[in-house]
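Take a look at the structure set out below.
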Amino acid sequence: NRTSGHTLPVMTQLNHYQTRHSAGHAQHSAERADPRPAQHRNSSPARPGRTASGETATHSLGTTVVGVTAANAVVLATDRRASLGGAVSSKSVQKISLVGDAAVAFTGSVAGAQDLTEELRQERSLYELRRDTTMSVEALASLTGRVMASQPRRVQHLLAGVGDDGPRLYSFDANGGALDQPFAADGTGGQTAYGALEAAYEEGIDRDAARRLAARAVRAATERDLASGNGLCLAVLDRSEPTVETFDDYDPASADASRS
């Protein structure tokens with residue numbers, strides 16, 4: 001009895017020692033295999049197309065988008081940078097897409113922007129085929145809101161066109177709510193762009209003044225926002241055919257521009 005009584009504590013201590021020794025050996029082996037701090041050993045290393053946690057990264061238009069209405073036209077302007085994870089994936093993206101005689105400027109997911117543009121084009125074509133009439137910008141804004149509400153696409157956008165009552169510019173929230181505005185900005189550089197717009201916008205400005213103001217607002221945003229940059233894309237919409245131009249750089253105070 002005395003022997004068994006003394007043996008149990010000794011065996012217990014031996015088991016504890018073996019457990020601690022095995023755990024310490026495993027930890028030491030892990031440290032030799034991966035010298036990173038313990039809190040980072042279970043995370044996947046960052047690599048192209050993936051975040052540090054191993055999640056799939058998607059192309060993103062972090063971006064700045066701006067819209068300005070004029071007396072007889074409306075202007076959209078954006079930068080040209082796209083990112084993938086924490087890197088710049090493109091320096092020449094066109095973030096303005098035509099939908100008939102209207103145009104949409106996007107910020108957010110590239111895939112979402114492409115999908116939404118294609119659906120709007122298809123729905124507009126079907127509308128005009130069935131009714132044998134051109135879809136108004138007001139009807140297109142209503143359609144856009146319904147499409148966004150039914151299937152969110154991780155994008156924010158501005159819609160511009162010339163309606164029966166003149167130029168129209170619409171901004172949207174993530175659930176499809178639409179606002180008719182004289183000027184607007186969105187994206188990661190949107191707040192800086194709004195400052196430039198608020199300071200200089202005047203109701204009834206002409207087409208060229210609206211064009212310069214939109215370009216100036218985007219340029220101001222690129223000075224502060226890391227996700228915006230690499231030139232400018234400008235669209236002018238009036239009663240004639242819509243025009244979209246891209247620039248490697250642009251000085252809104254000058255008539256000279258470096259077109260790409």
Side-chain angles (χ1 to χ4, degrees), residues 59-70 73-83 89-122 124 135 137 140-141 143-144 147-148 153-163 167-172 178 181 183-190 193 197 207-208 210-222 225 227-250 252 257-260:
H59 289 282
S60 173
L61 305 176
T63 215
T64 301
V65 296
V66 168
V68 180
T69 60
V74 57
V75 176
L76 291 175
T78 76
D79 71 302
R80 302 176 65 200
R81 178 175 296 175
S83 59
S89 59
S90 178
K91 300 179 181 180
S92 58
V93 175
Q94 182 168 309
K95 304 175 185 180
I96 299 175
S97 300
L98 295 180
V99 182
D101 57 1
V104 185
F106 289 100
T107 174
S109 164
V110 173
Q114 293 171 341
D115 184 56
L116 179 59
T117 298
E118 186 61 29
E119 182 165 354
L120 292 179
R121 287 171 176 166
Q122 292 176 359
R124 176 170 183 146
M135 184 181 232
V137 66
L140 182 59
L143 169 65
T144 304
V147 170
M148 288 294 294
R153 288 171 170 81
R154 297 172 58 199
V155 297
Q156 295 291 107
H157 55 283
L158 303 177
L159 170 68
V162 179
R168 288 288 179 268
L169 174 66
Y170 295 91
S171 63
F172 299 82
Q181 305 195 76
F183 60 87
D186 212 330
T188 52
L197 295 173
R207 175 182 177 274
D208 290 338
R211 188 171 178 270
R212 290 192 297 270
L213 176 56
R216 188 181 300 118
V218 171
R219 184 175 182 178
T222 61
D225 178 40
S228 302
N230 301 114
L232 182 74
C233 183
L234 275 172
V236 178
L237 300 104
D238 51 25
R239 297 289 183 183
S240 60
E241 191 75 16
T243 61
V244 180
E245 298 176 282
T246 56
F247 305 90
D248 291 329
D249 193 11
Y250 186 71
S258 175
R259 288 176 173 81
S260 61

Original post:
Does the side chain of Thr144 reach to within under 4.5 Å of the side chain of Leu120, using non-hydrogen atoms?
Top reply: yes

**OP:** Identify the two heavy atoms, one from Arg121 and one from Ser97, that lie closest to each other, and give their separation to 0.1 Å.
**Re:** NH2-CB, 4.0 Å

Original post:
Counting N and O atoms only, with roles assigned by atom type, does the side chain of Asp79 sit under 3.5 Å from a partner on the main chain of Thr64, one being a donor and the other an acceptor?
Top reply: yes

Original post:
What's the spacing between Thr107 OG1 and Leu158 CG if we round to 0.5 Å?
Top reply: 9.5 Å

Original post:
Considering all heavy atoms of both residues, which atom of Ala193 and which atom of Ala185 are nearest to each other, and what is their separation?
Top reply: CB-CB, 3.9 Å

Subject >> Side-chain donor-acceptor contact under 3.5 Å, Gln114 with Glu118 >> reply: no

Original post:
Is the side chain of Ser89 donor-acceptor paired with the backbone N or O of Ala82 at a distance under 3.5 Å, no angle test?
Top reply: yes

Original post:
Looking at CD1 of Ile96 and CG of Leu98, how far apart are the two atoms once the value is rounded to the nearest 0.5 Å?
Top reply: 8.5 Å

Subject >> Residue pair Ala160 / Val137: nearest heavy atoms and the distance that separates them >> reply: C-CG2, 4.2 Å

Original post:
Using 4.0 Å as the upper bound for N to carboxylate O, is an ion pair formed by Arg153 and Glu119?
Top reply: yes

Original post:
side-chain contact (heavy atoms from CB on, under 4.5 Å) with Ser92: which residues, sequence neighbours excluded?
Top reply: Arg80, Ser90

**OP:** Would you check if the side chain of Arg124 reaches a backbone N or O of Val99 as a donor-acceptor pair within less than 3.5 Å?
**Re:** yes

Original post:
Any side-chain heavy atom of Lys95 sitting closer than 4.5 Å to one from Thr63?
Top reply: yes

Subject >> Arg154/Asp115 ion pair, N-O < 4.0 Å >> reply: no

Subject >> Val66 side chain reached by Thr78 side chain, heavy atoms, under 4.5 Å >> reply: no

Subject >> With sequence neighbours excluded, residues passing salt bridge (charged side-chain N to carboxylate O under 4.0 Å, His left out) with Arg207 >> reply: Asp238

**OP:** Please assess Gln94 against Val244 for the test side chain to side chain contact (heavy atoms under 4.5 Å, CB included), listing each intermediate value before the final yes or no.
**Re:** CA-CA 9 Å; Gln94 182 168 309; Val244 180; 3.7 Å; yes

**OP:** Would you indicate whether the side-chain heavy atoms of Leu197 and Val68 approach each other to under 4.5 Å?
**Re:** yes

**OP:** Would you mind reporting whether Leu143 and Met135 have side-chain heavy atoms less than 4.5 Å apart?
**Re:** yes

Subject >> Closest non-hydrogen atom pair, Pro242 against Leu237 >> reply: CB-CD2, 4.1 Å

Original post:
Which residues satisfy the side chain to side chain donor-acceptor pair (under 3.5 Å) test with Glu241, sequence neighbours excluded?
Top reply: none

Original post:
Between Lys91 and Gly229, is there a donor-acceptor pair closer than 3.5 Å when you use the side chain of the first and the backbone of the second?
Top reply: no

Original post:
Heavy atoms, side chains only, cut-off 4.5 Å: are Leu159 and Leu140 in contact?
Top reply: yes

**OP:** Determine whether Leu169 and Leu76 make a side-chain contact, defined as any pair of heavy atoms from C-beta on separated by less than 4.5 Å.
**Re:** yes

Original post:
For the residue pair His157 and Phe106, does the interplanar ring angle fall in the parallel (under 30°), tilted (30 to 60°) or perpendicular (over 60°) class?
Top reply: tilted

Original post:
Is the backbone N or O of Phe172 less than 3.5 Å from a side-chain atom of Gln156, with the two atoms forming a donor-acceptor pair by type?
Top reply: yes

Original post:
Where do Leu234 and Val75 land on the side chain to side chain contact (heavy atoms under 4.5 Å, CB included) test, with the steps shown first?
Top reply: CA-CA 7 Å; Leu234 275 172; Val75 176; 3.9 Å; yes

**OP:** For Ser171 and Ala184, work out which heavy atoms get closest and say how close.
**Re:** CB-CB, 4.4 Å

Original post:
Is there side-chain contact between Arg211 and Glu245, with heavy atoms separated by less than 4.5 Å?
Top reply: yes

Original post:
Could you give the distance from CG (Asp101) to CZ (Arg239), rounded to the nearest 0.5 Å?
Top reply: 9.5 Å

Subject >> Intermediate values then yes/no, side chain to side chain contact (heavy atoms under 4.5 Å, CB included), Met148 and Leu116 >> reply: CA-CA 8 Å; Met148 288 294 294; Leu116 179 59; 3.7 Å; yes

Original post:
With no hydrogens and no angle check, is any side-chain donor or acceptor of Ser228 less than 3.5 Å from a backbone partner on Asp225?
Top reply: no

